[in-house]
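Naming convention: chains lettered A, B, ... in sequence-line order (proteins, then strands); numbering from 1 in each chain. Worth knowing before you read on, the calculation uses all heavy atoms, side chains too, and leaves out hydrogens, waters and symmetry mates. Source: prediction; values computed, not measured.
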Number of protein chains: 2
Amino acid sequence: MNPDIIKERQNATFDVEKLTNILDGGPEKTKRRREIEALVLSDPDFKEEDPNFLSRSERYDQAVRKSAQMILKLREYGIADPEEIYCYKTSVHPDRPEPLDLHLGMFLPTLLNQSTPEQMDRFFMPAWNLEIIGTYAQTEMGHGTHLRGLETTATYDPATQEFVLNSPTVSSIKWWPGGLGKTSNHAIVLAQLYTQGNCHGLHAFIVPIRDMSTHEPLPGIVVGDIGPKFGFNEVDNGFLKLENVRIPRENMLMKYAKVEPDGTYVKPPSAKLTYGTMVFIRSMIVGESARALAKSCTIAIRYSAVRHQSEIRPGEPEPQILDYQTQQYKLFPLLAMAYAFTFVGQYMKQTYHRITGDINQGDFSELPELHALSAGLKAFTTWATNSAIEVCRMSCGGHGYSRSSALPDIYVEFTPTCTYEGENTVMMLQTARYLVKSYRQAKDGQQLSGIVSYLNEAEHRRVQPQPVAARPTVVDINDLASLVEVYKLRAAILVELAAKSIQQELQRRKSQEDAWNNSAIDLVRASDAHCHYVVVKLFTDKLGEIGDTAVHSVLSTLALLYALHGITQNSGDFLQAGLLSVPQVLLISVRIKELLSQLRPNAVVLVDAFDFHDKKLNSVLGRYDGNVYENLFDWARRSPLNSTEVHDSFHKYLKPLRSKL
Amino acid sequence: MNPDIIKERQNATFDVEKLTNILDGGPEKTKRRREIEALVLSDPDFKEEDPNFLSRSERYDQAVRKSAQMILKLREYGIADPEEIYCYKTSVHPDRPEPLDLHLGMFLPTLLNQSTPEQMDRFFMPAWNLEIIGTYAQTEMGHGTHLRGLETTATYDPATQEFVLNSPTVSSIKWWPGGLGKTSNHAIVLAQLYTQGNCHGLHAFIVPIRDMSTHEPLPGIVVGDIGPKFGFNEVDNGFLKLENVRIPRENMLMKYAKVEPDGTYVKPPSAKLTYGTMVFIRSMIVGESARALAKSCTIAIRYSAVRHQSEIRPGEPEPQILDYQTQQYKLFPLLAMAYAFTFVGQYMKQTYHRITGDINQGDFSELPELHALSAGLKAFTTWATNSAIEVCRMSCGGHGYSRSSALPDIYVEFTPTCTYEGENTVMMLQTARYLVKSYRQAKDGQQLSGIVSYLNEAEHRRVQPQPVAARPTVVDINDLASLVEVYKLRAAILVELAAKSIQQELQRRKSQEDAWNNSAIDLVRASDAHCHYVVVKLFTDKLGEIGDTAVHSVLSTLALLYALHGITQNSGDFLQAGLLSVPQVLLISVRIKELLSQLRPNAVVLVDAFDFHDKKLNSVLGRYDGNVYENLFDWARRSPLNSTEVHDSFHKYLKPLRSKL
């Protein structure tokens with residue numbers, strides 16, 4: 001164990017295990033998580049070659065091998081709870097996506113939710129037993145988030161009682177679905193349904209794409225891998241071009257909408273039913289942001305505790321780089337953010353489950369708010385995490401660029417969350433739509449409830465962006481409740497600003513749609529402020545649940561840092577609205593420096609509390625024992641380019657060059 | 001040619017070629033650049049396999065092959081001007097680093113600058129003819145930017161008249177030098193020189209590391225590749241462990257400092273002489289920022305002109321995504337930044353050459369300012385570009401994640417500039433040191449000249465951070481000169497704030513060093529504001545040189561957007577200092593929207609003006625002809641995972657799994 005890191009752990013002011021339990025949701029959860037992790041990490045069947053040393057094809061091969069093992073073992077151990085499966089899976093493929101993700105996460109659940117009993121009989125057990133391996137083919141080359149624009153067609157032919165599927169244009173080729181390129185033999189294809197000459201919009205069809213025995217593509221199917229990407233090397237994201245592919249009528253998923261044998265279309269009873277999955281996945285992504293950020297902070301902070309560099313005071317030994325104010329200023333606000341997002345993730349999961357309960361009893365009332373919140377928070381947390389991972393990586397100097405640090409991989413595996421499951425800017429605008437609608441309702445005298453209820457107050461208090469000097473400033477910058485209040489007022493003002501921008505555009509005789517587009521910058525800004533308020537509020541609320549004094553104290557410091565740092569990063573908003581005075585903003589900068597010093601002794605243990613096993617972290621820089629350099633050297637020597645002392649290119653090109661010059 | 005993109009080009013309000021000439025530095029330069037590019041791009045010897053489809057070893061192999069060809073052809077064509085060589089090289093390896101970079105860019109120049117005539121005879125021609133292939137081994141595993149901390153030792157042994165080189169610790173292993181792992185047979189090693197029992201600090205030694213004939217590592221040399229990184233796949237960044245390696249006394253580069261045969265150390269005449277290279281490289285990086293950003297903008301803006309998605313007005317065809325205000329707000333400020341950085345890069349190059357002339361005549365007076373400026377601007381432009389590339393990538397939705405977009409590669413090849421040649425935070429603090437020093441000089445009554453002369457005024461005008469209402473606001477937000485002035489005042493105020501923070505710390509009886517560290521956040525902020533001012537100023541200055549009215553008009557719009565966008569992003573600073581009023585900040589937001597609309601018709605031609613040949617851009621999304629989708633499909637089908645219809649893993653793992661479940 002590196003002596004620096006031992007010393008750090010001796011300095012802790014709180015019991016790390018207690019904090020870990022809070023993060024897991026209770027001591028039993030911590031225990032069970034560790035049990036499952038141990039099952040995987042001690043299992044020789046999951047031993048792997050470092051993917052960084054493999055070719056793309058070898059990486060895919062290794063991932064398929066491990067996924068197949070995983071399916072067997074999950075059955076063997078009888079692990080069936082979705083959270084436990086998730087925990088097992090992320091230990092087998094340490095936070096990397098894998099080829100069967102869409103089979104397990106989309107194909108099977110969609111069958112469960114949208115199949116008729118007859119379809120369940122025909123498809124579910126074969127899929128459960130991996131005879132049928134499926135994917136979910138929605139996105140096309142030309143369309144992603146805007147689903148209505150999808151072009152694939154499924155035209156019903158009553159003569160043969162079949163659907164004929166086609167990719168009518170290049171841009172309609174299905175593009176991106178995981179596991180589509182090489183792994184799957186079936187796909188649930190989303191296509192525009194045509195019957196009796198009418199288009200009825202998107203519906204889902206089960207399409208066999210490869211021969212069950214030879215795995216060769218079936219006639220009319222052009223399928224393959226979409227080529228190398230930024231990350232996702234283990235996954236065969238694929239393309240699918242359909243050329244007059246005929247499937248039986250019974251392969252349309254018909255639990256809700258139906259096409260009768262004669263081609264008559266029967267509408268589904270409610271459109272809201274497909275809403276839930278989307279909300280669920282977006283809520284989950286908030287938790288994934290927290291995890292990616294927590295891992296990055298763990299690596300950067302542990303490394304900063306063992307790396308010594310340069311000098312603060314001449315003649316003294318080189319200090320740990322964690323002692324530099326600039327390093328603390330880079331990392332501690334991100335550490336605070338990791339905690340904030342973890343608690344927001346917990347809240348989203350709980351809320352989702354609560355509201356799902358309501359929905360099952362026919363109560364959809366809270367769904368729109370959750371939908372808006374999950375969209376905005378998905379964008380807010382993934383954007384922030386995306387930048388933060390790179391700050392962590394760059395805070396490790398040169399070694400952050402080495403694949404051995406794991407930071408490049410954390411980044412490339414995480415960054416797609418900004419785009420998939422709803423492109424972030426579109427997500428922010430969806431939340432804004434809800435906010436503006438709520439604002440107008442409040443203005444029309446409706447009493448709002450839930451998280452947007454502050455828009456009621458905005459009406460009453462008539463917060464105005466100026467004049468600055470006129471507003472009395474009663475904010476206590478050391479009081480979280482007071483800070484939640486200013487974040488709330490900032491959100492209220494920015495929602496109002498956006499709504500007024502739309503109003504002004506309308507007064508200039510612009511259409512509703514143009515007015516909306518011409519206010520989009522303001523709308524995104526309003527959504528962002530709303531989400532920021534929600535995060536500060538939920539972090540503060542969480543403190544109320546923490547019984548342990550020492551843990552409460554350190555988490556309060558983190559929450560305060562998160563709130564104050566957010567203010568300095570957006571000080572224009574707060575000054576502009578007159579919510580804070582100039583002296584207060586200056587004071588906040590001073591206070592932040594104090595908080596950095598205050599957190600310094602606990603920094604390493606605060607990342608220890610995330611409790612990432614070394615094998616899951618998979619980072620030479622982030623090792624629990626802090627023994628970075630010797631392991632970096634070992635890792636490099638195992639790299640494939642070192643398998644021979646002399647690379648062929650010397651004999652092929654460099655040596656012959658001499659005689660030519 | 002895609003009809004959308006044809007239409008865009010028809011809308012141009014200026015002559016694209018004229019702008020290209022300005023960017024190149026004159027019509028002759030444009031002509032010559034295109035000639036050189038054509039030489040490479042039409043040369044079948046440089047045909048290559050898409051690196052994205054190759055393994056690491058194959059990529060390195062291909063790069064060595066092309067570099068060897070490049071050396072031959074440069075001799076053949078007699079291309080010898082450094083700028084022309086650079087242009088040729090970046091066409092051979094489209095903006096990718098290559099294995100001979102350090103041989104050409106560091107090994108040969110260091111020989112030229114620091115060799116004695118005898119050493120020139122012995123080493124230069126063999127190195128010129130690629131018998132000796134060299135690298136520059138400075139960075140160690142434990143030390144980067146902080147050179148004094150390097151641990152490698154070179155101890156003089158007068159008995160044999162040799163130096164004995166050693167890597168005394170794991171952390172002293174040389175780490176990162178390009179071309180060290182596999183390519184080089186010599187290295188210039190930076191080591192602490194010990195003679196007659198004294199350490200004389202870092203000196204450079206020529207160390208043979210591989211056998212000239214077999215290329216096997218020599219005795220005492222442990223050398224290899226440091227393993228996979230984030231980018232830089234073509235380069236064998238290496239490690240070098242020295243175990244009692246003996247080299248003749250004459251292998252120390254002795255043009256300046258010397259060790260006599262008896263071990264007597266002779267000091268160099270001036271320490272400033274090694275300063276120049278560093279300043280030069282940092283100045284060049286500013287230009288590289290501009291180029292990386294210009295490429296990213298080209299790809300994102302062209303793609304946004306051909307991509308149609310969603311709807312603004314119901315019933316109408318899907319709009320080009322470039323018509324969305326949010327998309328314009330993401331991309332146009334970055335386009336403006338690309339122009340700004342291009343002009344700053346031109347300025348830095350010119351200034352460097354001017355000052356080099358002075359230095360050759362013994363006048364070092366301007367060197368400290370250039371040193372400070374190059375450090376800060378290197379950090380300012382690389383950080384901004386680093387984030388901007390990712391914004392461009394994510395603005396392309398899902399396809400930005402495909403390697404075919406080129407955006408992932410632009411990012412990973414560019415991001416190391418934030419760390420190498422001086423870690424950015426350290427660079428910002430170096431600039432801050434100069435600013436604080438200048439501020440104190442001004443306060444002591446000295447009259448400052450050059451770019452920091454505004455610190456004189458600050459003294460006079462006694463700008464105070466508040467009260468806000470007290471300052472008359474005379475800023476014209478449509479006048480660039482007026483905006484340069486507010487940026488200048490912001491910088492002056494933030495320099496003063498940082499200097500005062502140090503002062504306060506000193507008053508609290510902190511040491512100079514602790515006071516500095518405890519003010520580091522403020523110091524970085526001050527540097528950042530200083531650099532921002534310089535960029536706005538240089539962009540504005542450049543406009544004065546533009547004769548063509550139409551070009552002048554569009555560049556003025558870009559400059560205004562750059563300046564105003566920077567204000568909204570840092571509005572807290574301007575409000576806090578009372579430099580702008582709240583209504584002005586609100587007006588600026590409105591004005592920015594107008595500028596976005598104004599730039600919209602010229603967006604595509606403004607990126608066309610950068611004149612990146614399709615083969616250099618190497619991006620399916622950024623193609624000049626806009627034919628994105630069909631080429632994306634072609635590219636994917638050529639991907640190695642599609643060389644067989646059925647991947648082996650099906651037979652190895654998936655099919656056998658069925659019988660086990």
Sub-4.5 Å side-chain heavy-atom contact between A/W635 and B/P228: yes

Option in A/K660, A/H143, A/K593, A/R637 with maximal non-hydrogen atom pairs under 4.5 Å from chain B: A/H143

Pairs of heavy atoms under 4.5 Å with chain B: top-ranked of A/R75, A/M394, A/E58, A/E318: A/E318

Proximity breakdown for B/E390 and chain A, heavy-atom pairs closer than 4.5 Å: side chain

Pairs of heavy atoms under 4.5 Å with chain B: top-ranked of A/S67, A/P656, A/G398, A/S402: A/G398

Under 3.5 Å donor-acceptor, B/D211 side chain and B/S213 backbone: yes

Salt bridge (charged side-chain N to carboxylate O under 4.0 Å, His left out) between B/D409 and B/R403, worked out: CA-CA 7 Å; B/D409 286 304; B/R403 292 268 172 187; 3.0 Å; yes

Side-chain heavy atoms of A/R56 within contact of B/F53, under 4.5 Å: no

Most chain B-contacting option - heavy-atom pairs closer than 4.5 Å, from A/D50, A/L100, A/T425: A/T425

Contact origin within B/S649 toward chain A - heavy atom pairs under 4.5 Å: both

Interface residue of largest heavy-atom contact number with chain B, from A/E645, A/R393, A/E513, A/H215, under 4.5 Å: A/H215

A/R65 vs B/K652 side-chain heavy atoms within contact, under 4.5 Å: no

Proximity breakdown for B/Y411 and chain A, heavy-atom pairs closer than 4.5 Å: side chain

Under 4.5 Å from a heavy atom of chain A, the part of B/I133 involved: side chain

Top contributor to chain B contacts, counting heavy-atom pairs under 4.5 Å, from A/V170, A/D323, A/L657: A/L657

B/I173 portion near chain A, given a 4.5 angstrom heavy-atom threshold: side chain

Any B/S501 side-chain heavy atom under 4.5 Å of B/W516 side chain: no

Minimum-distance pair of heavy atoms, taken over all atoms of B/S597 and B/Q328: N-OE1, 4.2 Å

